[in-house]
Amino acid sequence: MRQLDVSGSAAAARRAASDEMFKHVFLTGPPGVGKTTLVQKACEALVSSGTAVGGFYTEEVREGGRRVGFDVVTVTGERAHLSRVRDLAAPSGGGREYAVGQYVVDLASFEKVALPLFRNVSLKLALIKRSQ
């Protein structure tokens, strides 16, 4: 796998999107280093250059300085709950509850926003962000 250092550069983001061999970009790093910001900036640069962009990223949700969960956000700005800490999660309504650590996953909300994006297979670049 090749690595790409886009360093927030719009030109590098355009090169990555135009390179037929470059299909996936994986961003890893500890919380707070700027992975989400880089994904947002890269998407903005690609859209402004006329490149078709689709997909989603996750964004931390904080209340009173405390992380309470994550939202899934499409590159077009649609937002939905991905997870919340157990004490703030909406009741499951008797259905199966999915949890990752202290977070309860809102599977229905995630699927409503994210799954339709996987139907567009014509995109040439995938950005995947993961916290370590």
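Please read all numbers here as calculations on a predicted model, not as lab measurements.
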Inset, instruction - Answer yes or no: is there a side-chain heavy-atom contact under 4.5 Å between Val85 and Arg66? - result: yes
Inset, instruction - May I ask you to test the Asp71-Val61 pair for a side-chain heavy-atom distance under 4.5 Å? - result: yes
Which value, rounded to the nearest 0.5 Å, describes the distance between [X] atom [atom1] and [Y] atom [atom2]?
{"X": "Glu59", "Y": "Thr37", "atom1": "CD", "atom2": "OG1", "value": "8.5 Å"}
{"X": "Arg67", "Y": "Arg62", "atom1": "CZ", "atom2": "CZ", "value": "6.0 Å"}
{"X": "Leu38", "Y": "Leu27", "atom1": "CG", "atom2": "CG", "value": "5.5 Å"}
{"X": "Ser49", "Y": "Glu44", "atom1": "OG", "atom2": "CD", "value": "12.0 Å"}
{"X": "Phe56", "Y": "Leu115", "atom1": "CZ", "atom2": "CG", "value": "8.5 Å"}

Legend entry - Polar side-chain atom of Arg84 near backbone of Val104 as donor-acceptor pair, under 3.5 Å: no
Inset, instruction - Measure from the side-chain N and O atoms of Lys35 to the backbone N and O of Thr28, and report whether any donor-acceptor pair falls under 3.5 Å. - result: no
Legend entry - Phe110/Tyr98 aromatic ring centres below 6.0 Å: no
Inset, instruction - Begin from the C-alpha positions of Glu78 and Val73 and carry the test side-chain contact (heavy atoms from CB on, under 4.5 Å) through to its verdict. - result: CA-CA 6 Å; Glu78 189 175 358; Val73 183; over 6 Å; no
Inset, instruction - Give the minimum heavy-atom separation between Val100 and Val105, together with the two atoms involved. - result: CG2-CG2, 3.9 Å
Legend entry - Residue pairs involving residues 101-115 (criterion side-chain hydrogen bond (donor to acceptor under 3.5 Å, both in side chains); sequence neighbours excluded): none
